[in-house]
Each structure stands twice: as structure tokens, then as C-alpha cells.
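Notes follow once the structure below has been shown.
Proteins come first, then strands; the chains are lettered A, B, ... in the order of their sequence lines, and each starts at number 1.
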Amino acid sequence: MFAQRADRDRVGCGAQRRRRVGYRRATRLIVAALLVTAAAPVLAHVEAGQATGFFTGFAHPFSGLDHILAMVAVGLWGAQLGAPAIWLLPLTFPLVMAFGGFLGLIGVGLPGVEIGIAASAALLGAAVMTERRISLYAAAALVAFFAIFHGHAHGTELPPGQSGLLYSLGFVVATGCLHAIGIAAGAAHRWPSGKVALRIAGGGVSLGGLYFLWGALA
Amino acid sequence: MRRGERRALACASTLVAALTPQLAHAHLVSTGLGPVYDGILHFALTPEFVLPVLAIAMLTGLRGRAHVRLALVALPLAWLAAGIVADATAIAVPDALAWLPLLVAGGLVTLDLRLSPRATTVIATLLGIALGSSNGAALAQAGAGVRGVLGSTAAVFVIVTLGAATVTAWQTGWLRIAWRAAGSWIAAGGLLLLGWTLR
């Protein structure tokens with residue numbers, strides 16, 4: 001019996017060791033990938049800015065709390081509404097946001113962009129707080145309407161000398177990540193206490209939106 | 001490390017590498033290993049080429065194996081033929097239309113339309129011609145010539161094969177939605193690139 005237990009322990013130790021080695025290898029791989037991809041290009045001539053386009057675009061939605069609140073709220077609301085809204089809303093938002101960015105890029109003005117962004121956080125947060133159930137098309141139309149304001153803000157704020165496509169992809173991917181965070185948090189909706197927590201979070205988002213709305217209108 | 005973790009790690013590393021391309025020039029980046037490798041690198045460093053090819057891989061992968069098998073032949077062949085023609089005649093799709101393949105291919109992935117194998121093959125061929133001619137013209141300007149086009153064609157074949165195989169194998173439940181979301185990001189990038197072009 002003791003011999004069997006010793007064998008089992010040895011097998012267990014072997015598995016643990018293999019796992020440790022695996023994790024160490026994974027860490028090395030990730031560090032190596034980061035080092036390789038983050039290496040700055042060495043140029044004989046001066047040409048700055050282009051390679052940082054993706055990161056600048058990716059950081060842009062994270063630079064404003066109003067953007068973050070609205071985009072996470074889209075994911076939370078989608079999770080509350082369930083399928084197909086849970087995937088339709090996060091698919092709608094980036095595409096229509098790109099259209100807003102397109103309008104901004106070609107110089108079509110949009111009045112009250114900051115107000116629209118703040119109102120999006122306030123209203124979408126309120127929808128999460130009240131667990132508002134409206135038709136799928138109405139929800140998609142509401143999300144699309146607000147996405148235009150977010151896209152317009154992103155599209156008009158590109159720093160000079162950066163790659164347009166990479167910048168654009170950066171902020172589109174960042175938007176998708178924020179929706180995914182909202183959807184992941186919205187998974188708590190399946191538990192009674194999770195439902196309450198989501199409604200509280202929605203209230204927080206709505207209050208944040210109202211604060212930004214106050215600032216935009218002042 | 002379990003197989004799932006290994007796959008997730010490989011995916012994460014590939015994603016990081018794909019999303020952080022280094023400086024892309026209008027002139028060819030020389031590898032020092034000859035025109036074939038220069039062609040491969042030129043393709044790999046140009047998101048306007050890589051993203052539509054990935055979108056085609058996703059489109060065919062989502063539709064099934066019959067679509068993948070046809071696209072695996074059609075896209076690289078169209079790319080190669082258009083590249084050789086562009087290299088010889090300097091006739092190519094203008095750079096101002098670089099947004100179109102992104103918008104079309106990404107949009108089709110997002111919509112997840114039920115297309116026939118013939119339709120996906122035609123789409124893959126047309127995109128192969130459009131992208132291949134732009135690539136061929138760029139390589140001709142840089143002096144990489146037909147060997148550069150051959151290198152980039154090999155890269156296209158590898159990307160489509162691996163991409164389509166991954167999507168074909170992983171498309172149950174949420175994964176299918178994830179591929180469609182990735183398609184919507186590519187389409188959004190195309191729309192914004194149109195804005196940059198018109199700016």
C-alpha cells in the first residue's frame with residue numbers, strides 16, 4: 001500500500017514538475033514574443049511615428065473614462081438581454097463607430113460629440129440599471145446611434161505622422177476588448193446576486209455618464 | 001502544459017506578433033536573404049495585404065472544407081498570376097483602393113452569409129487578383145521581380161492554409177461569433193482606411 005502511495009506521489013510530483021517546466025517555457029515564450037515585437041526599428045533616415053499607430057489607437061478608448069463606461073455598458077446590456085443581442089450589439093458598435101470615424105476623417109462635422117458620448121454612458125448605464133428590455137432592432141439602433149459619436153471622436157484625433165490603418169485597427173480592437181469585458185462581467189447575470197451587482201454597476205455607469213454630461217453641457 | 005494551454009499560448013503569441021508589425025515602407029525591406037524572402041517579408045509587413053487574406057481564410061473556414069479546398073488553390077494562383085502580370089506590365093489596382101478588399105472580405109465574414117463554394121472561390125480569386133497586382137507592382141518597383149512574387153505567394157498559401165484550418169477546427173459556439181467579430185474589425189478598418197484615403 002505504501003509502495004502504491006509512493007508511486008502515486010512520484011507520478012504527482014512528475015506532473016507538477018512538468019507543469020512548472022511548461023509554465024516556465026510559456027513565460028519565456030511570451031517574454032521573447034514581447035521583446036521581438038516591441039523592438040524599436042533602427043532607421044538610417046528620420047521617420048518617426050508610423051509604427052506606433054496601432055498602440056496609439058488602442059490606447060485612445062482607454063484614455064477617456066466616458067468611452068470606457070459606454071463600451072463596457074454595451075457588453076453588460078447585451079449580456080442582460082441574452083442571445084442574439086449579446087453578440088449583435090458588440091458587432092454593431094464597431095462597424096457603426098467606424099462609419100462615425102469615416103465621417104470625422106472626411107470632414108463631416110457632428111455637433112455635440114462630447115454630449116453624445118456622455119449621454120451614451122448615461123443612457124446605456126440606465127438601461128443596464130433598470131434591466132430594460134426593448135426589441136432587438138431598437139437596441140441595435142440605439143447602440144449604433146451612440147457609436148457614431150464615439151467613432152467621430154476617434155477619427156478626428158489622430159496624431160500627425162501615424163499610420164491611419166493601424167491606428168484605426170487599434171481603436172476598433174480596443175473597443176471590442178471593452179465590449180468583451182462587459183460581456184464577461186455580464187456572465188454574473190445568471191445568479192440572483194449577480195443580477196443585483198449588474199444593476200448596481202449600471203447605476204454607477206449612468207452616474208458617471210451624468211457627470212460627464214454635466215461637464216459637456218457646462 | 002496541457003494541449004489547450006499550448007494552443008492558447010500559440011494563439012496569443014501569434015496575435016501579439018500580428019498586431020504589432022514594425023515599420024512598413026513603400027520601398028522593400030531587404031532581408032539580405034534574396035528576393036524570395038524579401039517578397040515574404042513585404043507581404044508580412046503590409047497589413048493591407050495580410051488582413052484581407054486572413055479574412056478570406058476565415059470566410060472559407062466558416063463555410064466548410066469544400067470552400068477551403070477551392071480557395072487554397074484559387075487565391076494563391078490568382079495572386080501569383082496578377083503579381084507576374086503587374087511585374088511585367090506595371091498594371092495594378094491603385095493604392096487608393098486598398099480599403100476595398102478589407103471592407104468586402106471583412107464584411108462577408110461579419111455577415112456569415114451562406115455562399116456556395118463557387119461564390120467563395122470567385123470572391124477569393126477576385127481579391128487575389130486585386131491584392132496580388134498591388135503586391136506585384138510594389139515588388140517590381142523594388143526590383144524583387146517574379147521571385148519576390150513567388151515568395152509572397154508562398155506566404156499567402158501558408159497563411160490561408162493555417163488560418164482556414166484553424167477556423168474550420170474551432171468554430172463551435174462562441175468561437176464562431178469571435179471569428180465574426182474579428183471580421184467586423186477588419187471591415188471597420190477598411191471603412192476607416194477609405195476615410196484616410198479621402199482625407
Side-chain angles (χ1 to χ4, degrees), chain A residues 18-19 21-26 29-30 32-34 36-43 47 50-51 54-55 57-58 83-84 86-88 90-99 101-107 151 154-155 158 163-173 175-176 179-180 183, chain B residues 1-3 5-6 8-27 29 45-52 98-99 102-103 106-107 109-112 173-174 176-199:
Chain A
R18 273 199 299 277
R19 207 174 300 142
V21 170
Y23 283 132
R24 223 174 293 147
R25 278 184 189 160
L29 252 172
I30 289 171
L34 284 176
V36 166
T37 53
V42 179
L43 299 171
E47 195 173 4
Q50 292 186 17
F54 179 82
F55 292 110
F58 191 85
I86 193 168
W87 58 265
L88 187 69
L91 281 187
T92 305
F93 197 97
L95 279 175
V96 185
M97 187 184 73
F99 180 67
F102 169 75
L103 293 180
L105 283 167
I106 61 171
H154 293 317
L158 179 82
S163 161
L165 178 59
L166 290 177
Y167 173 85
S168 307
L169 281 172
F171 78 71
V172 169
V173 171
T175 302
H179 292 329
I183 291 170
Chain B
M1 203 173 2
R2 271 176 273 156
R3 189 188 289 178
E5 289 170 345
R6 269 204 305 268
L9 184 65
C11 273
S13 310
T14 311
L15 197 66
V16 167
L19 292 179
T20 52
Q22 293 299 306
L23 206 57
H25 299 275
H27 58 275
V29 180
L45 289 179
T46 314
E48 286 90 342
F49 295 151
V50 175
L51 292 172
W99 56 274
L102 290 160
L103 190 61
V109 175
T110 311
L111 293 172
D112 198 14
W174 275 98
R176 195 172 182 92
I177 293 166
W179 296 124
R180 291 180 69 181
S184 77
W185 295 351
I186 293 173
L191 189 56
L192 287 160
L193 187 59
L194 171 62
W196 288 110
T197 309
L198 295 176
R199 197 185 197 190

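Each of B/Ile177, B/Thr197, B/Leu193 has some count of heavy-atom pairs under 4.5 Å with chain A, and the biggest count is that of B/Ile177. The most heavy-atom pairs under 4.5 Å with chain B, out of A/Thr92, A/Ile106, A/Leu95, come from A/Leu95. Chain B forms more heavy-atom pairs under 4.5 Å with one residue of A/Leu103, A/Leu169, A/Ile86, A/Leu91 than with any other, namely A/Leu91.
If you take CG on B/Leu192 and CG on A/Leu166, they are separated by 12.0 Å, rounding to the nearest 0.5 Å. Here the CG atom belonging to A/Leu165 is positioned 13.5 Å from the CH2 atom belonging to B/Trp99, to the nearest 0.5 angstrom.
The number of heavy-atom neighbours closer than 6.0 Å to CZ of A/Phe58, taken from other residues, nucleotides and ligands shown, is above 12.
The contact between B/Trp174 and chain A is made entirely by side chain atoms (from C-beta outward), counting heavy-atom distances below 4.5 Å.
Annotation: side chain of B/Leu194 is in contact with side chain of A/Phe102 (closest heavy-atom distance under 4.5 Å).
What you find for B/Ala188 and A/Pro94 is that their closest heavy atoms are CB-O, 3.9 Å.
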